[in-house]
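The structure appears right after this line, and notes come after that.
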Amino acid sequence: MCFGKKRRISGMAGIMTAVILLAGCGRRDIQNTAVPEESENVSQLPQDPDGENLAEELSQGESEQSEQQGQPDQSGQLPGGETGDRAQGRLDADRILEEQSFQTELNDWGTVWFVSYEPDPAAENPLEDVTFYLVKGEEILYQFPQIGTNGKSGYGMYYDVKFVLFTDTNVDGKEDVVIGAEYMTGAGPQGAIPHVVVRIYEDQGDHFTYNEGFSDTVNEYLPWESNVLARDVKRLIQLTGGKEPLTDYESYSGKWRVSTGFIAAYEDPSPVSRNELTCSIRNGNEFSGSLFTEQGMTERFASVDDIAGTIENGELFYEFEDDGWGGTGTLHITFLPNQINVDVLNYQMAEENVIGYGISGNYEMTVRQ
């Protein structure tokens with residue numbers, strides 16, 4: 001099994017030798033405080049204001065928990081619906097992903113630790129999937145449902161957890177859990193390229209439901225070779241959920257490229273020719289940026305600098321007077337769910353441009369750097 005370079009929680013070996021017993025669905029009636037969504041690094045480990053880390057939280061005395069701990073049912077089934085030895089007993093400190101395990105206030109669950117728990121590297125099943133828990137003290141409050149069968153995801157070999165996002169996906173006033181896990185298929189030229197698969201868990205009060213259909217819809221927009229960010233997925237959820245029109249375009253900020261295909265992305269990350277749109281979006285829809293193109297063989301390049309304007313209904317029009325070769329025209333920039341298209345309208349080539357190069361045509365920007 002292949003794992004990415006991940007930081008793990010240190011100093012837990014002595015603490016975690018104690019067995020963390022399965023305690024059913026014990027709940028705390030703590031007023032919900034939403035995790036701020038303004039933070040770009042939504043999956044980073046927040047600082048505990050009380051100076052406690054996950055190891056200390058998991059090792060709190062049983063006296064605090066004893067009155068509120070429930071008991072597992074007779075089948076030994078976890079609240080998430082998983083059974084078997086792999087879902088019971090202790091949590092191995094070496095398998096907890098520190099950068100994706102953090103304390104949060106989550107709806108009626110109260111103050112909990114969200115724990116990302118990677119597969120056992122010594123397991124007989126090389127396709128064993130990552131699992132996720134809600135933990136408080138020594139109590140496992142909840143295990144999130146698996147998305148596949150027999151401990152497998154159905155998407156290939158687990159590689160890493162890219163991000164965890166808390167956001168209201170179904171507009172019911174509760175923050176749901178959106179996870180971006182990476183897998184490798186091992187098949188084809190792109191098989192060794194980790195790709196993100198999104199899973200959406202909706203909070204039903206005393207359990208979470210995996211929304212497979214909505215997850216599949218979002219995943220259809222995620223290209224293999226793109227650097228998928230949490231803010232991209234949040235935008236896709238808003239766009240594909242159909243609850244309200246998109247008015248905040250800031251998640252498109254960054255450098256976008258025309259895709260060079262799976263093989264090029266695997267063998268050589270540098271495309272033969274460069275077609276790039278750099279954009280910065282502030283105050284929701286105020287755009288500034290530049291468009292750059294370069295021929296691979298001749299190394300001729302053209303550019304439109306200082307593009308500025310306001311995005312309205314997913315579109316921006318900008319008239320340029322010089323592309324570096326004297327050419328003029330209008331850029332029609334369209335913001336789609338997970339790509340940006342640039343169409344050059346009314347292009348006029350300068351008379352002195354005998355070579356005939358310039359910014360013209362159409363550009364489908366699908367790769368985010």
Side-chain angles (χ1 to χ4, degrees), residues 4-7 34-46 97-102 104 114 116 130 132 155 158-169 175-184 190 193-201 211 214-241 246-260 262 265 269 271 276-289 311 314 333-341 364-369:
K5 296 181 179 179
K6 314 179 188 76
R7 294 180 292 111
V35 177
E37 295 183 5
E38 288 76 8
S39 174
E40 181 174 338
N41 296 321
V42 293
S43 64
Q44 295 301 310
L45 180 64
L97 303 180
E98 178 185 355
E99 67 271 26
Q100 305 300 349
S101 299
F102 39 87
T104 183
F114 179 92
S116 298
V130 61
F132 303 93
Y155 290 101
Y158 163 76
Y159 180 77
D160 200 358
V161 176
K162 178 91 172 180
F163 60 81
V164 176
L165 171 66
F166 298 96
T167 186
D168 188 355
T169 64
E175 289 197 332
D176 305 305
V177 180
V178 181
I179 298 168
E182 290 185 305
Y183 298 90
M184 294 188 298
Q190 74 272 30
I193 303 175
H195 67 287
V196 171
V197 176
V198 168
R199 58 181 78 177
I200 299 172
Y201 292 110
N211 192 328
F214 198 1
S215 300
D216 289 344
T217 298
V218 171
N219 285 323
E220 289 177 357
Y221 286 102
L222 303 181
W224 285 72
E225 69 266 41
S226 180
N227 180 26
V228 178
L229 305 176
R231 62 186 182 183
D232 296 325
V233 172
K234 183 179 177 181
R235 179 183 67 248
L236 286 171
I237 288 173
Q238 185 176 0
L239 283 168
T240 58
L246 181 67
T247 57
D248 187 349
Y249 296 89
E250 294 184 15
S251 60
Y252 285 96
S253 295
K255 182 178 291 186
W256 293 75
R257 289 197 334 232
V258 172
S259 172
T260 57
F262 295 137
E276 299 176 349
L277 177 70
T278 302
C279 55
S280 174
I281 303 173
R282 298 180 179 179
N283 299 323
N285 63 347
E286 296 178 3
F287 180 98
S288 62
I311 304 171
I333 305 176
T334 307
F335 298 84
L336 301 177
N338 207 38
Q339 73 181 60
I340 302 177
N341 288 351
E364 294 185 355
M365 309 288 183
T366 62
V367 179
R368 167 84 71 88
Q369 286 185 312

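Residues take their numbers from the sequence shown, with the count starting at 1. Both backbone and side-chain heavy atoms feed into the values below; hydrogens, waters and symmetry mates do not.
A search for side chain to side chain donor-acceptor pair (under 3.5 Å) contacts involving N211 returns E202, not counting sequence neighbours. Applying the side chain to side chain contact (heavy atoms under 4.5 Å, CB included) criterion to L246, with sequence neighbours excluded, gives R235, Q238, L239, Y249, Y252.
The structure places OG1 of T167 at 5.0 Å from NZ of K234, a figure rounded to the nearest 0.5 Å. Taken from CZ in R231 to CG in L165, the straight-line distance is 13.0 Å, to the nearest 0.5 Å. Annotation: the span from C279 atom SG to K255 atom NZ amounts to 11.0 Å, rounded to 0.5 Å. Rounded to the nearest 0.5 angstrom, I237 CD1 and I200 CD1 are separated by 4.5 Å. In this structure, T278 OG1 and W256 CH2 are separated by 12.0 Å, a value rounded to the nearest 0.5 Å. In this structure, OG1 on T247 lies 8.0 Å from CG on N285, to the nearest 0.5 angstrom.
In this structure, N219 contributes its side chain and V198 its backbone to a donor-acceptor pair below 3.5 Å. Remark: the backbone N or O of G284 is paired with a side-chain donor or acceptor of E250 at under 3.5 angstrom. Although no hydrogens or angles enter the test, the distance criterion places no donor-acceptor pair under 3.5 Å between the side chain of S280 and the main chain of S288. Using a distance-only test at 3.5 Å, with no hydrogens or angles considered, no donor-acceptor pair links the side chain of Q100 to the main chain of S116.
Between V196 and E182, the shortest heavy-atom distance links the atoms CG2-CG, 3.8 Å.
Proximity of F214 to T240: side-chain heavy atoms (C-beta onward) are separated by under 4.5 Å at one or more points. Within the 4.5 Å cutoff, the side chain of D232 has no heavy atoms near those of the Y221 side chain. Looking only at side-chain heavy atoms (C-beta outward), Y158 and D160 come within less than 4.5 Å of each other. A heavy-atom distance below 4.5 Å is not found between the side chains of F132 and V177.
A side-chain contact (heavy atoms from CB on, under 4.5 Å) with E364 is found for exactly one of N341, T334, V258, namely N341.
Taking the six-membered ring where the residue is Trp, Y183 and Y155 present tilted rings, their angle falling between 30° and 60°.
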Requested in this report: Go through the steps to decide whether L222 and L236 satisfy the test side-chain contact (heavy atoms from CB on, under 4.5 Å), and finish with yes or no.
Outcome: CA-CA 9 Å; L222 303 181; L236 286 171; 3.5 Å; yes
